[in-house]
Amino acid sequence: MLFVCVENAGRSLMAEAFFKKYVPQKRVCSAGTQPAARPNNIVVEVMREVGIDIAKQRPRMLTNKMIEDSTCIVNMGCMDHESCPALLVDCTSNWGMPDPRGMDIKEVRKVRDMIECKVKEMITILQ
């Protein structure tokens, strides 16, 4: 399982963390096409509110190896075929999640909750 977004500082990190929480035995990672230096501070805060600490996660660069090694790829949103080679893979899902960058904490909580809901739905389908 691979979750992809632009900076790997918010949406994809949240999705990876929720997937690990609910299915710890499965391999999952996240990456970005233009990774940030660190996770979004408000994203870290809202994830702590639900008992998940992503503060020490480091955004990663999306690689071809990650794409090749993944059985399922989820595009969190905000990318096109030119900026994200993962979109060219047949098994890519596009969740179209809003980017939390620049949002206030109430809006980021909504994005977090939407991502958690989608991760739970995906887990149900995969099982």
Should we say atom CZ of Arg58 is surrounded by more than 12 heavy atoms from elsewhere, each under 6.0 Å from it?
yes

So among Val6, Asn40, Asn8, which one has a side chain to side chain contact (heavy atoms under 4.5 Å, CB included) with Pro59?
Asn8

Minimum heavy-atom distance between Cys5 and Ala9, given as atom pair plus value:
SG-N, 4.5 Å

Do you know the tightest heavy-atom contact between Val50 and Lys21?
O-NZ, 4.0 Å

Atom CE of Met114 and atom CE of Met14: how far apart are they, to the nearest 0.5 Å?
8.5 Å

Test side-chain contact (heavy atoms from CB on, under 4.5 Å) applied to Ile123 and Lys26, step by step
CA-CA 11 Å; Ile123 291 167; Lys26 294 277 188 179; over 6 Å; no

Using 0.5 Å steps for rounding, measure from the CG atom of Asp69 to the OG1 atom of Thr63.
7.5 Å

Trace of the side-chain contact (heavy atoms from CB on, under 4.5 Å) decision for Met1 with Leu126:
CA-CA 11 Å; Met1 177 65 59; Leu126 292 174; 3.8 Å; yes

Can you tell me how far apart NZ (Lys110) and CG (Asp104) are? Round to the nearest 0.5 Å.
8.5 Å

Shortest non-hydrogen separation from Phe3 to Ser12 and the atoms involved
O-CB, 3.6 Å

When you measure from the side chain of Arg11 to the backbone of Met97, do you find a donor-acceptor pair of N or O atoms at a distance under 3.5 Å?
yes

Assess whether a salt bridge exists between Arg101 and Asp99, defined as any Lys/Arg side-chain N lying under 4.0 Å from an Asp/Glu carboxylate O.
yes

Closest non-hydrogen contact found for Val44 with Ala55 is CG1-CB, 3.8 Å

Could you tell me which non-hydrogen atom of Val43 sits nearest to which non-hydrogen atom of Pro100, and how far apart they are?
CG2-CG, 3.8 Å

Distance-only, no hydrogens or angles: does the Arg60 side chain make a donor-acceptor pair with backbone N or O of Ser30 under 3.5 Å?
yes

On a heavy-atom basis, which atom in Gly32 and which in Pro35 lie closest, and how many Å separate them?
O-CD, 3.7 Å

The test is side-chain contact (heavy atoms from CB on, under 4.5 Å); show your working for Phe18 and Arg112 and say whether it passes.
CA-CA 10 Å; Phe18 281 124; Arg112 175 202 63 203; 3.8 Å; yes

Full working for side-chain contact (heavy atoms from CB on, under 4.5 Å) between Glu116 and Val119
CA-CA 5 Å; Glu116 181 178 22; Val119 167; 5.7 Å; no

CG/Asn94 to CG/Asn75 distance, rounded to the nearest 0.5 angstrom?
4.5 Å

One should read off an interatomic distance between Met66 CE and Asn64 CG, to the nearest 0.5 angstrom, of 10.5 Å

Does Ile54 belong to the same Ile/Leu/Val/Met/Phe/Trp/Tyr cluster as Met61, with side-chain heavy atoms less than 4.5 Å apart forming each link?
no

